[in-house]
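In each ligand, atom 1 is the first atom listed, and ligand 1 is the first ligand listed. All figures in this text were calculated on a predicted structure; none of them were measured in a lab.
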Amino acid sequence: MFKQAERISQLPPYLFKEIDEKRRLMMGKGVDIIDLGIGDPDLPTSPHIIDAMAVAVKDPANHRYPSYSGMEEFRYEIAEWYLRRFSVKLDPDSEVIVLIGAKEGIAHISLAFIDPGDLALTPTPAYPVYHTGTLFAGGKPYFLPLHEKNGFQPDLAAIPPEVADKAKMIWINYPNNPTAAVAEKDFFESIVAFARRYGIMVCHDLTYSEIAFDGYKPMSLLEVEGAKETGIEFHSLSKTFNMTGWRIAFAVGNREAIQGLGAIKSNLDSGVFQAIQIAGIEALKSYREGISETAKIYERRRDIMVRGLHDAGFKVNPPKATFYLWVPVPHPYTSIDLAARLLDEAGVVVTPGHGFGSAGEGYIRIALTQDEKRLSEAVERVLKVGL
Ligand SMILES: Cc1ncc(COP(=O)(O)O)c(C=O)c1O
């Protein structure tokens, strides 16, 4: 009866209906499914963060509408954290905004800067919201394929100058979901130079900066000279502090970008519940660089899974960061066929790479969001399938 708006019909088709249905049926029959599909940490939020929330929730001062841009104390703490972690100075009043999850900010910023028909340079495969946010604003994604031969980084030289001239934004995300690739200073420098040459806003999604291994330390785009003139960076407490359900994140950087995002937010939604922001203050205050127990847990899981996958005949390199493995699909499978077979015969759920855009075909993504015992069990089951 109700015709949906064009923006809904433009969404890419959902490809995993059959796999989802199969999984539902198997679970209904009591099959023990090991879900390595979703990027949602199985680890709990730390007790001291929960305690801070528990106290704050009882204070009536926190029961009222929160400010759109975030509590001053939280924005201040975010600026302190950036200084300690990345040696980047931020003005908490004009260069920081609090978000109801990074997804919220990523989706909303296009509404502030993309007019109908404008181009946004969007990586593929990628977290889907860069693409859908662009579509919902009436913009057009211009896809930048991420290939293994380029370290899963976009080839800026391959972007035609007339496209770069028309582009309003470029999306990047390192450490990367789904490929688990990382990027170094020279890459960020080339992005900043490119963006400044063409007057493009760089939107960097840094949600996985604290899930890194073997002593590796991901950097902020804003560490690059001149980046603040052109860049905004999205960060989230979801993965860093195992707080996906709390919905708390922030964006920092270029003040016009922050202001534009704020204008959309203040008209479309409200601020984050103050008790949650107070928990966020506790999380950032107590953060100690280099001793992230969470990252160590994922590192051990990564080693178990990479070793097991090698034994099963997969060619996968151990990633330096994120809790994902981006695993090449052996011949003759498509990513969907392989995911279906692993579900059918091993009861293991993985995400077909195609779900992150057609350039993700040829890979599956495995999330390390189960404990070591379950991952070892998953490996044993995959070995038995014999691909
Ligand atoms: C690359 C990337 N960006 C953003 C998000 C969203 O994070 P949040 O929970 O803060 O909305 C995710 C979540 O999976 C992600 O993988």
- Task: Please lay out, stage by stage, how K185 and E223 fare under the test salt bridge (charged side-chain N to carboxylate O under 4.0 Å, His left out).
- Result: CA-CA 8 Å; K185 194 161 192 183; E223 288 178 56; 6.0 Å; no

N or O contacts of ligand 1 with protein under 3.5 Å, please list pair by pair.
residue  : atom   : partner : partner atom : Å
ligand 1 : 3 (N)  : D205    : OD1          : 3.4
ligand 1 : 3 (N)  : D205    : OD2          : 2.6
ligand 1 : 3 (N)  : T207    : OG1          : 3.4
ligand 1 : 9 (O)  : S238    : OG           : 2.6
ligand 1 : 9 (O)  : R247    : NH1          : 2.9
ligand 1 : 10 (O) : A102    : N            : 2.7
ligand 1 : 10 (O) : S236    : OG           : 2.6
ligand 1 : 10 (O) : S238    : OG           : 3.3
ligand 1 : 11 (O) : A102    : N            : 3.2
ligand 1 : 11 (O) : K103    : N            : 2.9
ligand 1 : 11 (O) : R247    : NH2          : 2.7
ligand 1 : 14 (O) : K239    : NZ           : 2.6
ligand 1 : 16 (O) : N177    : ND2          : 2.8
ligand 1 : 16 (O) : Y208    : OH           : 2.7

- Message: Which residue is it: L375, D214, I366? I am looking for the one with a side chain to side chain contact (heavy atoms under 4.5 Å, CB included) to R302.
- Response: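 Of all the options given, the one that passes is D214.
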
- Query: Is the shortest side-chain N to carboxylate O distance from R247 to E104 below 4.0 Å?
  - Reply: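 Looking at R247 and E104, the cut-off is not met.
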
- Task: Decide, yes or no, whether a salt bridge links E377 with R381 under the criterion of side-chain N to carboxylate O below 4.0 Å.
- Result: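 Yes, this pair counts.
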
- Query: In terms of side-chain heavy atoms, does E361 have a donor or acceptor partner in S335 at a distance below 3.5 Å?
  - Reply: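 Per modelled atom types, E361 and S335 side chains form a pair under 3.5 Å.
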
- Query: Would you call the rings of F323 and Y298 parallel, tilted or perpendicular if under 30° counts as parallel and over 60° as perpendicular?
  - Reply: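 Answer is tilted, since the angle falls between 30° and 60°.
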
